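Accompanying notes for the structure given below.
A quick note: this is a predicted structure, and the numbers were derived from the prediction, not measured.
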Amino acid sequence: MNLEHSLRSEIQKAITALFNATIDQVQLQPTNQEFEGSHTLVCFPLTRASKLKPEETAKAIGDYLVQHSGIVTRYNVVKGFLNLVISDRTWAETFASIYANKNYGSLPANGKEIMVEYSSPNTNKPLHLGHLRNNFLGYSVAELYKANGYNVHKVQIINDRGIHICKSMAAWKLYGNGETPQSSGLKGDKLVGKYYVEFDKNYKAQAKELQEKGVSEAEAEKQAPIMKLAVDMLQKWEAKDPGTVQLWKTMNGWVYEGFDATYKRMGVDFEKLYYESDTYLLGKEEVLKGVEKGIFFKKEDGSVWVDLTADGLDQKVLLRSDGTSVYMTQDIGTAILRFRDFPKIEGQIYTVGNEQEYHFKVLFLILGKLGYEWAKKCYHLSYGMVDLPSGKMKSREGTVVDADDLMQEMADEAERQTRELGKIDELSDAESKQLFEMIGLGALKFFLLKVDPKKRMLFDPNESIQLQGFTGPFIQYTHARIRAILRKAESMNIVSTANDLKGLSSLEPSEREALHLLSLFENKIREAAKDYSPAVIANYAYDLAKQYNQFYQNISIFNEADPVKLKFRVALSDSIASAIKKSMNLLGISVPERM
RNA sequence: GGUCCGAUAGCUCAACUGGAUAGAGCAUCAGCCUUCUAAGCUGACGGUUCGGGGUUCGAGUCCCUGUCGGAUCACCA
């Protein structure tokens, strides 16, 4: 039984009976704290049907509901707002049905499939803070769709080819002396990243030197020997030169090993990986087909373009005059390949930063022009940049926050603060370590996910390691607290069944509030997926935990003499712990048994 | 310059998509551990929702306009 549905239908009945009208949009909202009640009907829009003043309309509906619905016990009217008080018996029934439903918080399978792309790094540099937001977001949105009944495929596209990786390769060849992750003790992605920096340093020095000799800036940038080497390697790679391909494979291999370790610690996973080196040729084919069909056009120099002026955009290049593909070409190929691999998906969600909004607008238009119906179901989950207190992250200024380092710092800080509180003496070393990791990552993920994804956000390191207030650890702590209650109940052999709870006669305000929040869980799961926003769940989990703590503070569970109330309180605690756990799991965060 | 985002308490963020006296956390101050975990709870302080017009029963939310930030408009990815 869904309380809100029942209430809405009772209100409809009342409107029909009283005013002989049907209203498609019943405006129901939570009641403000200062008034009695939980649900409020906004009556202003109903005055046209009722032909009464808002207050009179509210009163009429209120009276009707009290007399006929069996849900509402009393009401009050403030201006045009009808504040409804739900009977405790109804609350008890609502809770009994939630408690009996083991799958509460997961909607039934809907037979639909969807694909979520996230992460999608370049292979020349280690992952950083921006990737963390991307990964946590993508992972969470995928989990949200699962909870909404979808079959979800998590994928990424790895940008494994192009000039960027050739730069690392060139620098390694020149200065590497055969260094490997094994010989250096460096993580593979870090090692390759080191040579990317090395490239940049030498490149700049060489270009500067040339300029001092009187070469123009543009020319110097082309003439720098290390750049020539990188470009040469790119051409050799495209020509499948064995030595170059071998080095490319080796260095990318190092990067993947490094990434795997980072992904593992982040707790994200992928069903299938796509590599641009595999998809760019397909994209090229599709573009050439498009030229034949007259969807795209070729210029005299041989370059291929799409004309999007009719859509209010520009002309956009799809193949260079030398016939090589650009970023867009690859993305066309990747998209098509994915729908071949997973024919049942209805669409794709691309988790990519908002600096690429224009790119995806163009991509979806092109796919539509190529005749793919599913282009309409492709969505760019565009998220804002992560700024530091000092401003944007800039690799040149060394302000990039490394993903591995950050996760380690969070775990260390969690350890420091946990030890200081001294509550975990009975845990083994291994358990403790696991707990620090859970808390540190929980804090980090929650910090990055609690903000609306669309908005740019500020990452303040000092604030992110906070474990009090609106944070992941606060919620984890609440869960651990409830688990302690449940362990005690178990040891006292207190077992609650949905049937026991029907005899419940009255509720305390804090119980009613907690129960009300609990009843909103599935709505929140729908809303979060619809808006592609884990922040909805983060806020919900926080509200729920906060409300539980208030209940916990006000009411002593085990001092209750009435056995039905005692059982109810244990059962309510159980259901809330479970909702907290599921919510946090939707964010990719685990919750501990004790902390 | 064109297009698209954003601006809410000292700071970081909410506000159920047009509803009531705009809410949390942090910070500051004052209370609460003999009780189920004080990573908690209660209270105080804190607002011209960037400025100016408009739409209507009602605007932080919609429209116009100005200011300030950001992104984007490559034969880069």
* To do: Kindly point out which of B/C36, B/A74, B/A77 is positioned nearest to the side chain of A/Gln356?
  => B/A77
* Criterion side chain to side chain contact (heavy atoms under 4.5 Å, CB included) against A/His39, the qualifying member of A/Leu82, A/Ile86, A/Ile11, A/Asn83 -> A/Ile86
* To do: Look at all strands and tell whether A/Lys546 reaches a base, only sugar-phosphate, or nothing, counting heavy atoms closer than 4.0 Å.
  => sugar-phosphate
* To do: Check every strand shown and say whether A/Ile165 touches a base, only sugar-phosphate, or nothing at a heavy-atom separation below 4.0 Å.
  => nothing
* Please determine, for the side chain of A/Glu355, which listed nucleotide (B/G40, B/C4, B/A71) has the closest atom? => B/A71
* To do: Classify the nucleic acid contact of A/Ala480 as base, sugar-phosphate or nothing, counting any heavy atom under 4.0 Å across all strands shown.
  => base
* Quick one: does NZ or CZ of A/Arg161 land under 6.0 Å from the six-membered ring centre of A/Tyr275, within 45 degrees of the ring axis? -> no
* Asked: How does protein reach along nucleotides 13-23 of chain B, written 5' to 3' as B (base within reach of a heavy atom under 4.0 Å), S (only sugar-phosphate), or - (no contact)?
  -> SS-BB-BBB--
* To do: Using the six-membered ring of A/Phe558, assess whether NZ or CZ of A/Lys488 lies under 6.0 Å from its centre and within 45 degrees of the ring axis.
  => yes
* Report which part of the nucleic acid A/Tyr542 touches: base, sugar-phosphate, or nothing (heavy-atom distance under 4.0 Å, all strands). => sugar-phosphate
* A/Gln330 side-chain proximity, nearest of B/A77, B/G40, B/G25 -> B/A77
* Aromatic ring proximity, centroids under 6.0 angstrom, A/Tyr350 and A/Tyr379 -> no
* Toward the 5' end of RNA chain B, by each residue's nearest nucleotide, A/Ser325 or A/Ala545 -> A/Ala545
* Just by modelled atom types, is the A/Gln550 backbone N or O under 3.5 Å from a matching donor or acceptor in the A/Asn554 side chain? -> yes
* Measure from the side-chain heavy atoms of A/Lys392 and tell me the nearest of B/C36, B/A71, B/U37. => B/A71
* When all nucleic acid strands are considered with a 4.0 Å heavy-atom cut-off, which category describes A/Tyr358: base, sugar-phosphate, or nothing? -> sugar-phosphate
* To do: Determine which bases of RNA chain B form Watson-Crick or G-U wobble pairs with both distances under 3.5 Å, and write the result as a 5' to 3' dot-bracket string with | for other-strand partners.
  => (((((((..((((.....[...)))).(((((.......))))).....(((((..]....))))))))))))....
* To do: Specify the residue among A/Thr478 and A/Ile163 whose closest nucleotide of RNA chain B lies further upstream toward the 5′ end.
  => A/Thr478
